[in-house]
2 protein chains.
Amino acid sequence: MEAVQDLPPGTAPGLRTKSQLQRRRRILQAAAALASRGGVEAMQMRTVAERAGVALGTLYRYFPSKMDLVVAVVGEELDMLESSIARRPPAAATPDGRAVDVLMRATRGLMREPELADALIRALILADVELPFGDRMAGLLVRVAGLSDGRATEEQGVLAASLGAVWVQELLEMLRGRRTYEDIQRRIEIAASRLLAEFPTSRVE
Amino acid sequence: MEAVQDLPPGTAPGLRTKSQLQRRRRILQAAAALASRGGVEAMQMRTVAERAGVALGTLYRYFPSKMDLVVAVVGEELDMLESSIARRPPAAATPDGRAVDVLMRATRGLMREPELADALIRALILADVELPFGDRMAGLLVRVAGLSDGRATEEQGVLAASLGAVWVQELLEMLRGRRTYEDIQRRIEIAASRLLAEFPTSRVE
DNA sequence: ACCGAAGTTAGAACGGATTCTACTAAGTGT
DNA sequence: ACACTTAGTAGAATCCGTTCTAACTTCGGT
């Protein structure tokens, strides 16, 4: 948990050779594939290593713990969400509408692989690691809500983070079978309308 | 072999003899004590059993998994919070003020035993178990916000649950060392003012 | 007082994450 | 090419949650 010196925990900084990048990719791919079947429990470190054609020790060199691995997988998913949003930005007229749009798009994405989603969300919450997940999601929401990109006020940041928290909670409830997609949509809309509607200062469409 | 029907997983229903109640109490106490030191990892099932003067198998008979044990410990903490609130209800004038009051009181309580808090929160979020935690906290907030006790509208429920989600998230951040008590207070106030201020019926200001 | 069911106990056994060891392969500077 | 640090491999070993076993108690009913 401590001595993580220069290995790539997050995205992929100092990987020297090409074969290392490929190893990393193979590992992440194997992990995601396994998780999207049986969930966390199917994604066993031995199995991931084997499936990635890598020794167990090597797997642990790349990802010091199972959590780190899961966090990395989540990071990739987030990348995909962000690029999807860049490709087709939310069109709703109001800030809260756009935020709901993004969150529900992410929800649909996760629902496609419920086992994976379950593993990811739980690991995220558990992680001791530096995970810019909340921050990243909040930043995404702030941006998407159409607020001044660079200079969101603290209040805006707090509100976006709050909406993110609510979303995560609802996802968890869904994974526990206590919410349907429609439930989540309705509830997120309610929360978003309170949290994000008409920001104090600037620009409304 | 299968039909293990009425063992006390949750609170404490059908415990026959007095000695069983005492065993249960000793177990919970040992668990809480251990967790309030080294956190989850210090609260090992073998250690709990030993410290409670009970065989490992017995521990597992009372609490079928570590999670169940943690959930039970949390339940006790919640009991204490609720009775504390009954004893000295929040005095603020507005619904959101009262909610903030309750949440910050709970926060202070948890801060007193950070390791315990950490273990509990994480386990709770992870738990597959039926845990009326979110519901219980949301119900508490609804009640405390001074809304019609029995007949909170769906919207009110959603908003209270949302505030609960935000609070849990902030607690997690605090346990990760990324928030101070003051941070949390400020952020919860911001979220609460949006989520709970001026419920349909009673408008202030 | 006795029987059978359910509760306890000490301890072994199992499974999966993580760590450790001893060894081999690859890359780098000279 | 040569020494050397670094990365990778196979597999044993360790740790902890959980399950299983076999014998011992406790308790309620008769």
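Per chain, numbering begins at 1; letters A, B, ... match sequence-line order. Just so it is clear, the model here is predicted, and its values are computed rather than measured.
Side chain of Gln44(A), nearest nucleotide from dG16(C), dT19(C), dG8(D): dG16(C). Looking at the side chain of Tyr60(A), the nearest of the listed nucleotides dT18(D), dT9(C), dA17(C) is dA17(C). When distances run from any side-chain atom of Gln20(B) to the nucleotides dT8(C), dG8(D), dA17(C), the shortest one goes to dT8(C).
Applying the side-chain contact (heavy atoms from CB on, under 4.5 Å) criterion to Ser83(B), with sequence neighbours excluded, gives Arg87(B). Taking Val168(B) as the reference, Ile121(B), Ile125(B), Phe133(B) meet the side-chain contact (heavy atoms from CB on, under 4.5 Å) condition, with sequence neighbours excluded. Under the rule for a side chain to side chain donor-acceptor pair (under 3.5 Å), the partners of Glu189(A) that lie at least two apart in sequence or sit in another chain are Gln185(A).
Note: OH (Tyr62(A)) to C1' (dT18(C)) measures 19 Å, nearest angstrom. One atom, CG of Leu34(B), and another, P of dC16(D), lie 13 Å apart when rounded to the nearest Å. Atom C1' of nucleotide dA17(C) and atom CG of Leu69(A) are separated by 12 Å, given to the nearest angstrom. Between Leu59(B) atom CG and dT9(C) atom P the separation is 10 Å, expressed in whole Å. If you take CZ of Arg26(B) and P of dG7(C), they are 16 Å apart, rounded to a whole angstrom. Between the P atom of dT9(C) and the CZ atom of Arg61(B) lies a distance of 10 Å, rounded to the nearest Å. dT8(C) atom P lies 11 Å from atom CG of Leu21(B), rounded to whole Å. The interatomic distance linking Met67(B) (CE) with dC16(D) (C1') rounds to 15 Å, in whole Å.
The list of side-chain hydrogen bond (donor to acceptor under 3.5 Å, both in side chains) pairs with a residue in residues 102-112 of chain A, not counting sequence neighbours, reads Ser84(A)-Arg105(A), Thr107(A)-Trp167(A), Arg108(A)-Tyr181(A).
In this structure a side-chain-to-backbone donor-acceptor pair under 3.5 Å is missing from Arg178(A) to Glu173(A).
Comparing Glu41(B) and Ser19(B) by the nucleotide of DNA chain D that holds the closest heavy atom to each, the one mapping nearer the 5' end is Glu41(B).
Remark: Thr94(B) OG1 to Leu196(B) CG distance equals 9.0 Å, nearest 0.5 Å.
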Taking distance alone, no hydrogens or angles, what donor-acceptor pairs closer than 3.5 Å link side-chain atoms of residues 31-46 of chain A to residues at least two apart or in another chain?
{"unit_1": "Ser36(A)", "atom_1": "OG", "unit_2": "Ala32(A)", "atom_2": "O", "d": "3.3"}
{"unit_1": "Ser36(A)", "atom_1": "OG", "unit_2": "Ala33(A)", "atom_2": "O", "d": "2.9"}

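Looking at residues 45-58 of chain B, you'll see Met45(B), Arg46(B), Leu56(B) sit with a heavy atom under 4.0 Å from some atom of DNA chain D.
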